[in-house]
Amino acid sequence: MSLEQLNPRQKAAVKYIDSPLLVLAGAGSGKTRVITQKIAYLVEECGVKAGNIAAVTFTNKASREMKERISQILDKSKSRGLKVSTFHTLGLNILRKEYKHIGLKSGFSIFDSQDVAGVIKDIVLADGGADSDQVQQLQWKISAWKNNLIDPAQADLYTEDKFDELCASVYKRYQQTLRAYNAIDFDDLIYEPVKLFQKNREILDKWQTRIHYMLVDEYQDTNGCQYELVKLLVGGRTSLTVVGDDDQSIYAWRGANPENLNQLKVDYPSLHVIKLEQNYRSMGRILKAANTLIENNPHVFEKALWSDKGFGDPIKVLRCKNDEHEAERVVSEILSHKFQKRSNFSDYAVLYRGNHQSRIIEKALREHRVPYYLTGGQSFFEKAEVKDIMAYLRIMANSDDDAAFLRVVNTPKREIGPSTLEKLGNYAQQRKCSLYGACHEIGLSQHLPDRALNNLKTFVEWLSRITERAERGDFMSAIRDMVKEIGYQGYLEDTCKDLNTAEKRMENVNELLTWIERVYDQAESGSSLSDIVSYMTLMNILERQEDNENESDCVNLLTLHASKGLEFPYVFIIGMEEEILPHRVSMDEGNIEEERRLAYVGITRAQQNLTLSYTRIRKRYGEKMECEVSRFVDELPQDDLQREGAGETANPEEQKQRGQAHLANLKDLLGNS
DNA sequence: TGGGGTGATATTTTT
DNA sequence: TATCACCCCA
């Protein structure tokens, strides 16, 4: 195999196997290439079987990309059994084999965060009241506990105030409820295997034998639980390579613990560190700006990106009168630039801090007839029609899944209303069984009027028939018939305002079916209905749609967060203002460093040109607010900036503002060191 | 059962 | 200011 295409550092990272390895891979430094080459190296030169290697990523997209690139460099016969998966899929695979040890039955469901919110709501409601804000906080807290491996009993000990006590008691009942539903949540996919491994040496041994080498991508995004899983699977061995960049850690607010990078040095004293600093993406000036900015953050590992792509144009800084003006400027910059360079619309990206900022840009783009593609928004699996069909599959796979039952039972309408369901619920509780189970109990007739009873019976009988068909005969035709038999298309046509949206939703349903078919075809033989449903739950079809849309020539609109891992020739970052970037809330919480990393991520997306913009006045909550340029603009190398716009020469007012920003920044630095 | 009026609310999001 | 739940009424 040829390692010639790699630079010396990359080559070293691929070949190093003597101790655990941390690869500090700067933006655009070819980290995916290192991981894929290393897998090939392990297989071809070190005699490790592909089936004994586990490579872990965070998103489906990253794992798909990695699989694809490996198939390009490694023979199919040699890559057989290679496990490239997300953390959650790895966890699911473990649980599929070991579910009995944690009190689950086969066919368990995976609850998404909406299902979880529903369960918590029910629990609090039984307590006598809840507002949606509280449910949110409870959900967040429980998730945080799981991410830090704290079980309900331990949570009891950690309570500091009344709210913590409530959380702990809800946590306990929440776990019980999930078990009763034969369900787990996303966090459990990692939490439960870790707990099991900690308790049961034998099972851990088995999995350690199965996995000889682990590679972890985007290591700075791991949480405590994920790190523990890696640590357990690696055990005392040296067979670990993690790749990460502390400067691109932008998900701490979601439970990621970038400290895990430093923790490695403690847990593995023999840890070897290799830095990848050559950037293959951007012009020198962009990297200089990025380096200068991020130097304002404290670092455990120093790192400076460089490239041999030439220095490039100055970074434009647009100063605008107001937000409308800003949008207008950005669009006209894109248009005139495109005209000059004869580039494509898809070469441009507009990045922003918050989703709402896209609206005004969208408006300007529409006015100029510029096609655009908006990333984000509702994910495919959050669409009601997709959730409906998925719920049908879930109840078919796991009859204890009450959440799925409730969603499905009266959609489309079967005249099974709230009062029927309440009585059914009471009865199920009395009999200590699931809602579906309760429908089969003889005693139910005592509690329900005939009409309601009949409706329910008809439904569950139909459901068991179709389930049986799916399990026994041709899976896909049973599913397709199911959609037909419930009259879903007619239901959409009745409930949607216009036929157009009904049609669109039906298209989504069909797309879902196509996907189920694909997953079914690719799944190992012997995969059950529930296996298919589990994998579907962990998937995001939207990603694929994105790829499709990108083929038509569109300007890209996305949040800074969503931009991580992507690159564009020409990048605009709008709203470079105090209270936006850095965001107000982060300022209050003292999280300036993460905001700075966010700006860093945005800047390093640009290959050739970078334009920043800010406004003097912005409408916020309907009120006109005076704005101040972001401190991050002041932290950039001023000689490399080309400032343009309304009253571009610095007036006394602005001088003063900048002075204040600088002072604040100094204080910030002092406070941190 | 659905639509319209009302009031609260306003980062970032993957699995 | 704009949106989105949610609740109430027809």
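Throughout, a chain's letter reflects where its sequence line sits, starting with A, and its residues are numbered from 1.
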If you write DNA chain B from 5' to 3' in dot-bracket form, with Watson-Crick or G-U pairs under 3.5 Å, [ ] for crossing pairs and | for pairs with another strand, what do you get?
||||||||||.....
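When the side-chain nitrogen and oxygen atoms of Asn60(A) are compared with OP1 and OP2 of dT14(B), none of them lie within a distance under 4.0 Å. In terms of phosphate contacts, Lys121(A) brings a side-chain nitrogen or oxygen within less than 4.0 Å of OP1 or OP2 of dC6(C). Here Asn355(A) reaches the OP1 or OP2 of dT12(B): one of its side-chain N or O atoms lies under 4.0 Å away. Contact annotation: Thr559(A) reaches the phosphate of dT13(B) (side-chain N/O to OP1 or OP2, under 4.0 Å).
Nucleic acid contact class of Arg584(A) (heavy atoms, under 4.0 Å, all strands): none. Within the 4.0 angstrom heavy-atom criterion, only backbone atoms of the sugar-phosphate kind lie near Phe58(A); the bases stay farther away.
Atom CG in Leu538(A) sits about 14 Å away from atom P in dT14(B), given to the nearest Å. Here the P atom of nucleotide dA10(B) and the CD atom of Gln357(A) are 17 Å apart, to the nearest Å.
With sequence neighbours left out, the side chain to side chain contact (heavy atoms under 4.5 Å, CB included) criterion links Lys141(A) to Trp145(A), Asp164(A), Cys167(A).
Gln137(A) and Gln139(A) share no side-chain donor-acceptor pair at under 3.5 Å.
Sparse packing is recorded around CD of Glu503(A), with 12 or fewer heavy atoms of other residues, nucleotides or ligands lying under 6.0 Å away.
Here, dC4(C) and dT13(B) have their P atoms 16 Å apart, quoted to the whole Å.
At a threshold of 4.0 Å, the pair Glu594(A)-Arg254(A) does not count as salt-bridged, since none of the basic side-chain nitrogens sits closer than that to a carboxylate oxygen.
With ring centers used as reference points, Tyr171(A) lies 6.0 Å or more from Tyr174(A).
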